[in-house]
A.B. asks: 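Quick one: this structure, given as C-alpha cells, is what I'll be asking you about.
Below, chains carry the letters A, B, ... as their sequence lines are ordered, and counting in each starts from 1.
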Number of protein chains: 2
Amino acid sequence: MSTRENIAAAADDLFYERGFEATSFADIAGVVGISRGNFYHHFKTKDEILDAVIDRRIAKTRKMLETWEAKGQTPVDRIGCFVRILIRNRAKITLYGCPVGTLVSELGKLNHVSQSRANALFSLFSDWLAMQFRAMGCDEVTGVQHARHLLARSQGVASLSQALRDDDFIDAEVDLMLAYAAAAAPDYSEKGD
Amino acid sequence: MSTRENIAAAADDLFYERGFEATSFADIAGVVGISRGNFYHHFKTKDEILDAVIDRRIAKTRKMLETWEAKGQTPVDRIGCFVRILIRNRAKITLYGCPVGTLVSELGKLNHVSQSRANALFSLFSDWLAMQFRAMGCDEVTGVQHARHLLARSQGVASLSQALRDDDFIDAEVDLMLAYAAAAAPDYSEKGD
DNA sequence: TCTGTTTTAGGTCAAATGTCCTAGGATTCG
DNA sequence: CGAATCCTAGGACATTTGACCTAAAACAGA
C-alpha cells in the first residue's frame, strides 16, 4: 500500500475514533510512522486528507453494499445485513458511535465545506435501502420513507449505545428493526412467522 | 445574571453549536464581553466550564420535564411533549443535532472524564419516559424498553436531520413516534382512533 | 552509470490555545 | 472613612497546531 493510502487509512481510523478536529498531523504521522513534514508532499492541507478519507469511506461503503447485494437472497435478508452492522461493529460503535453520523455531526458544527460530501455517505445507505424496499414491492415514495426511517433508527441506536453501553439494548433494537423490515412489504398481512 | 452564569450560558450555546473542543476561551469571552484572563477567576480550567454547562443542562432539563409533567393530561400527552421537541427545536437540530447526543458523542471520542456526567442527561429523559410508560400500565421492564426505544428514535431523527435537512421527514417521524407511544399501552387493541 | 523525478526527514514559522500572574478597580462592611 | 475581599483587564507563558521550505535520499529510465 502506498504512503498516501497509509495516511488516508490512518486518518480514517483516527477521524472516527477521536474526531476530525481532535486529530493532528502528528497523530497521523505517528500511526503511519513517517515524519510530520512529509505530509505536505501527499496532502496540501488537512481538508484534503478529509476529502480523501470521505472518498475512501464512500468506496468502502459501495463495496460493502455490493457484497450485501450478492449475499442476501431476499430484500429482507439484505436489509438484515445493514441492520446487523450494529451488532457486528458493536464494540467500536459503543465507544465512538456511527462513523457516518458522528462525522456529519462534527462537520456540521464546524461549518465545514465537506459536510455535503459526508452527507453522500448517508445517501448511499438511504438509496440502497430504498432500492431493497422497492424490490419488496413498495412504491417509490414509501420505499424512501422506509429507508430513511430505518437509517434514522440505526443512527439512534448507535447514538444511545455510546451512553448506555448495554449489549441487550442493541440486540433488542436490532430485532425490532428486522421485524420492521419484514413487515414493510405491501402484501404483508399479520400472518405471523 | 452573574458573570459566572453568563459564562456558563455562553459556553452552553457555543459547546452546542461548535462543539466543546472547537470552542475556545476567546470565543466565550467574545460572546460574554469580558477579557480572556478574567476566566481564571471564575473557572480554573476548561473542564470546569464543561461541568458547569452540564450542570446547567441537567437543571434546565429537569425544569422542562416538570413543565411537561404539569402540562400534559395523560402520559401519552406528556410523551408527546418530548417527541415534539424535534419540531420545536427543528431549526437548531437541523444545524447542530441533538445537544445531548452530540455532546456525549464528542466527549466519548475525546475520552473525556465528564462523559459519564453527560450521560446523566440521557438518563433524565430515559427515566422520565419510563415513568410515563409505567403510568400507562406498562410493567417496569417494558416501560424502560419503550423509553429507550423512543429516546433512540428521537436521537436518530436528530442525527439524520443534519444530513437531510428535510422538514417533512421530521414531521413524519414525529407522527410515527406519537403513534408508537399511543400504541404502547398494554390494553391497546387496534381500536382505531 | 548518469540524470531527473519522486519521496522523505527535519526544521521553521506564525497563529492560536489553555493556563496563569499581577496590578488596578469596584464593592462591601466595620 | 478605611480595610478587606471580590472582580476585572491585560498580558505573559509554554505548548501545540497547520502550513511550508529545503536538502538529502530513493528511485526510475536511458
A.B. asks: Can you tell me which nucleotide in C/dA9, D/dG10, D/dG18 comes closest to the side chain of A/K46?
C.D. replies: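 Of C/dA9, D/dG10, D/dG18, D/dG18 is nearest to the side chain of A/K46.
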
A.B. asks: What's the CG-P distance between B/L50 and C/dT19, to the nearest Å?
C.D. replies: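 From B/L50 CG to C/dT19 P: 12 Å.
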
A.B. asks: Of the candidate nucleotides C/dG18, C/dT7, D/dA9, which contains the atom at the shortest distance from the side chain of B/S24?
C.D. replies: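 Minimum distance to the B/S24 side chain belongs to C/dG18.
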
A.B. asks: Consider only side-chain N and O atoms of A/S114 and A/D47, and report whether a donor and an acceptor are under 3.5 Å apart.
C.D. replies: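 No, no side-chain donor-acceptor contact under 3.5 Å.
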
A.B. asks: Nearest nucleotide by nearest heavy atom, which residue falls closer to the 5' end of DNA chain C, B/K44 or A/G37?
C.D. replies: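 The residue mapped nearer the 5' terminus is A/G37.
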
A.B. asks: Determine the contact category for B/S2: base if any of its heavy atoms lies under 4.0 Å from a base atom, sugar-phosphate if only primed atoms, P, OP1 or OP2 are that close, otherwise nothing.
C.D. replies: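 No contact at all - B/S2 keeps every heavy atom at 4.0 Å or more from the nucleic acid.
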
A.B. asks: Can you check whether A/N38 has a side-chain N or O nearer than 4.0 Å to OP1 or OP2 of C/dA9?
C.D. replies: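 So the side-chain polar atoms of A/N38 do come within 4.0 Å of the phosphate oxygens OP1 or OP2 of C/dA9, strictly under.
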
A.B. asks: What is the distance, to the nearest angstrom, from the CD atom on A/E5 to the P atom on C/dT7?
C.D. replies: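 In whole Å, C/dT7 P lies 12 Å from A/E5 CD.
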
A.B. asks: Considering just the side-chain nitrogens and oxygens of B/T45, establish if one lies under 4.0 Å of OP1 or OP2 belonging to C/dG18.
C.D. replies: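 No, no such contact exists.
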
A.B. asks: Could you give the CD-to-C1' distance, from B/E21 to C/dG18, as a whole number of Å?
C.D. replies: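 To the nearest whole Å, that distance equals 11 Å.
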
A.B. asks: Considering only D/dT8, C/dT17, C/dT7, which nucleotide approaches the side chain of A/H41 most closely?
C.D. replies: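 When the side chain of A/H41 is considered, C/dT7 is the closest of D/dT8, C/dT17, C/dT7.
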
A.B. asks: How close do A/I54 and A/R117 get, counting heavy atoms only, and between which atoms?
C.D. replies: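 It is CG2-O, 3.8 Å.
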
A.B. asks: For a quick test of reading the model, state the closest non-hydrogen atom pair linking A/R78 to A/W128 and the distance between them.
C.D. replies: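 What the structure gives for the nearest pair is O-CH2, 3.3 Å.
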
A.B. asks: Give me the atom names and distance for the closest heavy-atom approach of A/Y16 to A/C98.
C.D. replies: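 Closest heavy-atom pair between A/Y16 and A/C98: CE1-C, 4.1 Å.
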
A.B. asks: In whole Å, I'd like the distance from the CG atom of A/D47 to the C1' atom of D/dA19.
C.D. replies: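 Taking atom C1' of D/dA19 as the reference, CG of A/D47 is at 12 Å.
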
A.B. asks: If you only use heavy atoms from C-beta on, which nucleotide in C/dT8, D/dA19, C/dC20 is closest to the side chain of B/Y40?
C.D. replies: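 Taking heavy atoms from C-beta onward, the closest nucleotide is C/dC20.
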
A.B. asks: State plainly whether one hydrophobic cluster holds both A/L150 and A/I87, where clusters connect Ile, Leu, Val, Met, Phe, Trp and Tyr through side-chain heavy atoms under 4.5 angstrom apart.
C.D. replies: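 Yes, because A/L150 and A/I87 connect within a single hydrophobic cluster, where side-chain heavy atoms sit under 4.5 Å apart.
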
A.B. asks: Please determine, for the side chain of A/S35, which listed nucleotide (C/dG10, C/dT19, D/dA9) has the closest atom?
C.D. replies: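 In terms of side-chain proximity for A/S35, the closest of C/dG10, C/dT19, D/dA9 is C/dG10.
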
A.B. asks: Whole-Å distance between D/dA26 P and A/I34 CD1?
C.D. replies: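 Value for this atom pair: 16 Å.
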
A.B. asks: How close or far is atom C1' of D/dT17 from atom CZ of A/R18, stated in whole angstroms?
C.D. replies: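 These atoms are roughly 15 Å apart.
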
A.B. asks: Starting at atom CZ of A/F39, determine the distance to atom P of D/dC21, rounded to an integer number of angstrom.
C.D. replies: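 Computing the A/F39:CZ to D/dC21:P distance gives 18 Å.
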
A.B. asks: Can you tell me how far P of C/dA9 sits from CD1 of A/I7, to the nearest Å?
C.D. replies: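 Rounded to whole Å, this separation is 10 Å.
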
A.B. asks: Of the listed nucleotides (C/dT19, C/dT8, D/dA19), which one gets closest to any side-chain atom of A/H42?
C.D. replies: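 Of C/dT19, C/dT8, D/dA19, C/dT8 is nearest to the side chain of A/H42.
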
